[in-house]
There are 2 protein chains.
Amino acid sequence: MIEPDDTDRAILRALARDAGQSAGALGRRLGLSQPATWRRIRRLQEAGVITGRVLDLDKEKLGFGVTVFLGVKLATKGRISLEDFERAVTAIPEVQTVEHVLGMYDYRLRVTARDLADFERVLRRRLMTLPGVGNVEANVLLSEERRPGPLG
Amino acid sequence: MIEPDDTDRAILRALARDAGQSAGALGRRLGLSQPATWRRIRRLQEAGVITGRVLDLDKEKLGFGVTVFLGVKLATKGRISLEDFERAVTAIPEVQTVEHVLGMYDYRLRVTARDLADFERVLRRRLMTLPGVGNVEANVLLSEERRPGPLG
DNA sequence: TGTGAAAAAGTCGCGAG
DNA sequence: CTCGCGACTTTTTCACA
């Protein structure tokens, strides 16, 4: 575990809001020179704290208006079963996120489809036929708000 | 809804993998000139398809080793109740994501804490006291894999 | 759309605190 | 060990064909 100081935290906080801003503008706001700011960002990258920059896309405008969360309970839970399930679910392009969890479900999936008819197709032909699936529960996404998190 | 062509989709696909790469390098790979690539990116931004660039952080290295998903069922579901709940939950810094969903639960929350003891504190003092909460179900995150999604 | 150029940002080395 | 300064490189951004 790494120990970023307050300045690093301020940088992460700012970049978490908008990763597109320049190190110079950020440094000016923090009273730091551009190279110093840039060096800290790179240090955070090399330390593995920043693992990457990702695009935030409006999926509705791309024609994917339906997002469904699936809670999956496996029927058989040997090690082979877990690996089989993960390999099979990873091959489904509509699955955006695979979360292995502890609790009422074994896996939680985030699935994106063009519409409900498209989702039904994915559900019936790909998801329900996944190896080892016991019970499946679905929640349709109405709206979502992402927040900075504890370090923000 | 927007109609991006194949080139736009290739750009989005590439940027979804790594939003940090330059328009020039991307254009070279796609056989497009640098300004043309950049103009397409900016057009996608202005069209609202690209809503932002976000940092991908390793929360464990920042001392937040525990992520828990909460499924929340409200006891009372009037419009006022929803707004009260959303306002209260948004004020909790440990809550990273608030998803309003349809199904077995009314809301799904992604909560980050330093460890299980810290999570218990948040759960007892902040989450269980949220207005209108009926039933709460928790899943502890073991591992997570994000995939490019349908357009990737 | 491509080409070429200006402006801005990123990158590295050096000396100071 | 980190900062700031200056030079150098790359990228972004714009004007024009």
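Quick note: numbers below take in every heavy atom, side chains included, and nothing from hydrogens, waters or symmetry partners. None of these values were measured; they are calculated from a predicted model. By convention in this document, chain letters (A, B, ...) are assigned in the order of the sequence lines, proteins followed by strands, and residues within each chain are numbered from 1.
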| task | Check step by step if side-chain contact (heavy atoms from CB on, under 4.5 Å) holds for A:Leu15 and A:Gln21. | result | CA-CA 7 Å; A:Leu15 287 180; A:Gln21 63 191 304; 4.0 Å; yes

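Across the protein-nucleic acid pair, A:Arg40 atom CZ and D:dG4 atom C1' stand 13 Å apart, rounded to whole Å. B:Leu26 places its CG atom 18 Å from the P atom of D:dT10, with the value rounded to the nearest Å. C:dT1 atom C1' lies 18 Å from atom CZ of B:Arg28, rounded to whole Å. Rounding to whole angstrom units, CD1 of residue B:Ile41 and C1' of C:dT1 are separated by 16 Å. Atom CZ in B:Arg43 sits about 17 Å away from atom C1' in D:dT13, given to the nearest Å. To the nearest angstrom, P of D:dT11 lies 13 Å from CG of B:Asp18. Taking atom CZ of residue A:Arg39 and atom C1' of nucleotide C:dA9, one finds them 16 Å apart after rounding to whole Å. Distance B:Gln21 CD to D:dT10 P: 17 Å, rounded to the nearest Å.
Among the nucleotides D:dT12, D:dG4, D:dC14, the one closest to any side-chain atom of A:Leu32 is D:dG4. The side chain of B:Trp38 has D:dT13 as its nearest neighbour among C:dC14, D:dT13, D:dT2. For B:Pro35, counting side-chain heavy atoms from C-beta on, the closest listed nucleotide (D:dC14, D:dC3, C:dA9) is D:dC14.
A salt bridge is absent between A:Arg39 and A:Glu46; no separation between the charged side-chain nitrogens and carboxylate oxygens falls under 4.0 Å. The pair A:Glu144-A:Arg110 meets the salt-bridge criterion, since a charged nitrogen lies less than 4.0 angstrom from a carboxylate oxygen.
At the phosphate of D:dC14, OP1 or OP2 sits under 4.0 Å from a side-chain N or O atom of B:Arg42. For B:Gln34, no side-chain nitrogen or oxygen approaches OP1 or OP2 of D:dT11 to under 4.0 Å.
Note on B:Ala23: only backbone sugar-phosphate atoms sit closer than 4.0 angstrom, heavy atoms only; bases stay farther off.
Distance check, rounded to the nearest 0.5 Å: CZ of B:Arg43 to CD1 of B:Ile50 gives 10.5 Å.
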